[in-house]
Amino acid sequence: MPTYVPITAAGLTGLLTDRILAARNRIVVAVVGADAADPVPFAHIVSRALRDRGRPAAVVSVHDYVRPASIRLEYGRNDEMSYRTLWFDYEALAREVVDSLRTQGRWLPALWDEKADRSARATVETATDNTVVIVAGPMLLGRGLAFDLTVRLQLGEGALRRATAQDHLWTVDALLAHDRLVAEIPDIDVRWDHRDRPAVAERGDYQPR
């Protein structure tokens with residue numbers, strides 16, 4: 001069992017920033033968490049901290065890489081299996097962000113506008129030699145995405161159900177099932193039920209590129 005160490009919210013941001021700054025090349029970081037854990041706002045906090053320390057950084061939300069509604073909603077609006085397997089275009093995320101940043105020095109900030117259900121019409125961004133892109137959102141582990149660093153904001157089932165909006169409670173069982181079925185261990189695991197006093201477990205074999 002991993003050992004979790006208490007840390008402050010500011011200390012957590014500092015820990016992640018230091019880890020990322022230890023890598024000299026372009027890297028892609030995953031902040032994994034249910035929407036109720038606010039992974040995207042947290043990723044923006046880390047991104048700002050990196051920019052304050054002179055490192056180019058940007059955030060990509062998994063919700064900007066959803067599939068069209070005709071695919072997402074094919075089996076109904078509240079189908080748990082669809083949410084887990086069809087809702088997000090992880091293959092496009094790999095192609096347009098993770099692999100593209102590493103091999104071509106560029107990335108696409110958004111692919112699909114979830115609300116308008118049309119192309120996001122985003123412009124491809126060009127990276128510097130040390131750009132950091134933070135991909136944030138649910139169920140990123142176990143997708144074969146070659147992240148350089150993975151951070152999971154972990155909510156216990158009770159906290160997850162309490163924090164999830166009423167009209168999205170149907171996603172909770174899908175999220176829990178994904179966590180049970182995926183064996184991939186994050187580099188940094190954060191117990192996130194109480195955000196003013198999180199606890200952190202770090203994987204010992206992580207090395208920056």
Stepwise side chain to side chain contact (heavy atoms under 4.5 Å, CB included) check, I71 with D89 = CA-CA 10 Å; I71 297 174; D89 195 342; over 6 Å; no
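- Of the possible donor and acceptor atoms, none in the side chain of R191 sits under 3.5 Å from a partner among the backbone N and O of A199.
- Residues I185 and L149 fall into different hydrophobic clusters, defined by Ile, Leu, Val, Met, Phe, Trp and Tyr side chains chained together at heavy-atom separations under 4.5 Å.
- Between D18 and R53, some side-chain heavy-atom pair lies under the 4.5 Å cut-off.
- Scanning both residues, V29 and F147, for their nearest heavy atoms gives C-CD2, 4.2 Å.
- More than 12 heavy atoms of other residues, nucleotides or ligands shown are found within 6.0 angstrom of CZ on R118.
- Side-chain heavy atoms closer than 4.5 Å link hydrophobic residues (I, L, V, M, F, W, Y) into clusters, and following such links, even through other members, never connects I45 to I27.
- P109 approaches V60 most closely through the heavy-atom pair O-CG1, 3.6 Å.
- Clustering ILVMFWY residues whenever any of their side-chain heavy atoms sit less than 4.5 angstrom apart, transitively, puts L145 in the very cluster that holds V182.
- One hydrophobic cluster, built from ILVMFWY side chains closer than 4.5 Å, holds both L73 and W170.
- Between R102 and D148, some side-chain heavy-atom pair lies under the 4.5 Å cut-off.
- Atom CD in E114 sits 8.0 Å away from atom CG in D64 (nearest 0.5 Å).
- In this structure, W87 and R72 have side chains that are in contact, with non-hydrogen atoms separated by less than 4.5 Å.
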Candidate pair R143 and L140, rule side chain to side chain contact (heavy atoms under 4.5 Å, CB included), full reasoning = CA-CA 6 Å; R143 304 290 182 180; L140 285 164; 5.5 Å; no
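- Salt bridge status for D79 with R84: absent, with no side-chain N to carboxylate O gap under 4.0 Å.
- Of all non-hydrogen atoms in L141 and P186, the two that sit nearest each other are CD1-CD, 4.1 Å.
- In the hydrophobic clustering of this structure, I7 groups with L153; members are Ile, Leu, Val, Met, Phe, Trp, Tyr whose side-chain heavy atoms approach within less than 4.5 Å, directly or through other members.
- Across all non-hydrogen atoms, the minimal contact from S61 to V40 is OG-CG2, 3.7 Å.
- Annotation: side chain of F88 is in contact with side chain of M139 (closest heavy-atom distance under 4.5 Å).
- Between P68 and D117 there is a side-chain heavy-atom pair separated by less than 4.5 Å.
- Distance alone, capped at 3.5 Å, places no donor-acceptor pair between the R161 side chain and the V172 backbone.
- A salt bridge is defined here as a Lys NZ or Arg NE, NH1 or NH2 lying under 4.0 Å from an Asp or Glu carboxylate O, and D187 with R19 fails to meet this definition.
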Might you work through the side chain to side chain contact (heavy atoms under 4.5 Å, CB included) test for R55 and T128, ending with a clear yes or no?
-> CA-CA 10 Å; R55 190 73 179 263; T128 65; over 6 Å; no
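- In this structure, CG in L101 is found 12.0 Å from CG in L108, a value given to the nearest 0.5 Å.
- Atoms CG and CE, on D173 and M81 in that order, are 11.5 Å from each other to the nearest 0.5 Å.
- Here the CG atom belonging to L155 is positioned 9.5 Å from the CG atom belonging to L175, to the nearest 0.5 angstrom.
- Under a 4.0 Å N-O distance rule, the pair E91/R95 does not qualify as a salt bridge.
- When all heavy atoms of H168 and T171 are compared, the pair lying nearest together is O-OG1, 2.7 Å.
- Surrounding CG of D129 are at most 12 heavy atoms belonging to other residues, nucleotides or ligands under 6.0 Å away.
- Note that the CG atom of L50 and the CG atom of L21 stand 5.5 Å from one another [nearest 0.5 Å].
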Please walk me through it: do T131 and E125 pass side chain to side chain contact (heavy atoms under 4.5 Å, CB included)?
-> CA-CA 11 Å; T131 292; E125 299 282 347; over 6 Å; no
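- Looking at F42 and L16, their side chains come closer than 4.5 Å, going by heavy atoms from C-beta outward.
- The backbone N or O of A43 lies less than 3.5 Å from no partner atom in the side chain of S47, so there is not a single donor-acceptor pair.
- Side-chain contact between Y83 and N78: absent, with no pair of heavy atoms (C-beta onward) separated by less than 4.5 Å.
- Residue G33 comes nearest to P39 through the heavy atom pair O-CG, 3.3 Å, listed as atom of the first residue, atom of the second, then distance.
- In this structure, T150 OG1 and R203 CZ are separated by 6.0 Å, a value rounded to the nearest 0.5 Å.
- Within the 4.5 Å cutoff, no side-chain heavy atoms of W107 are placed close to those of V28.
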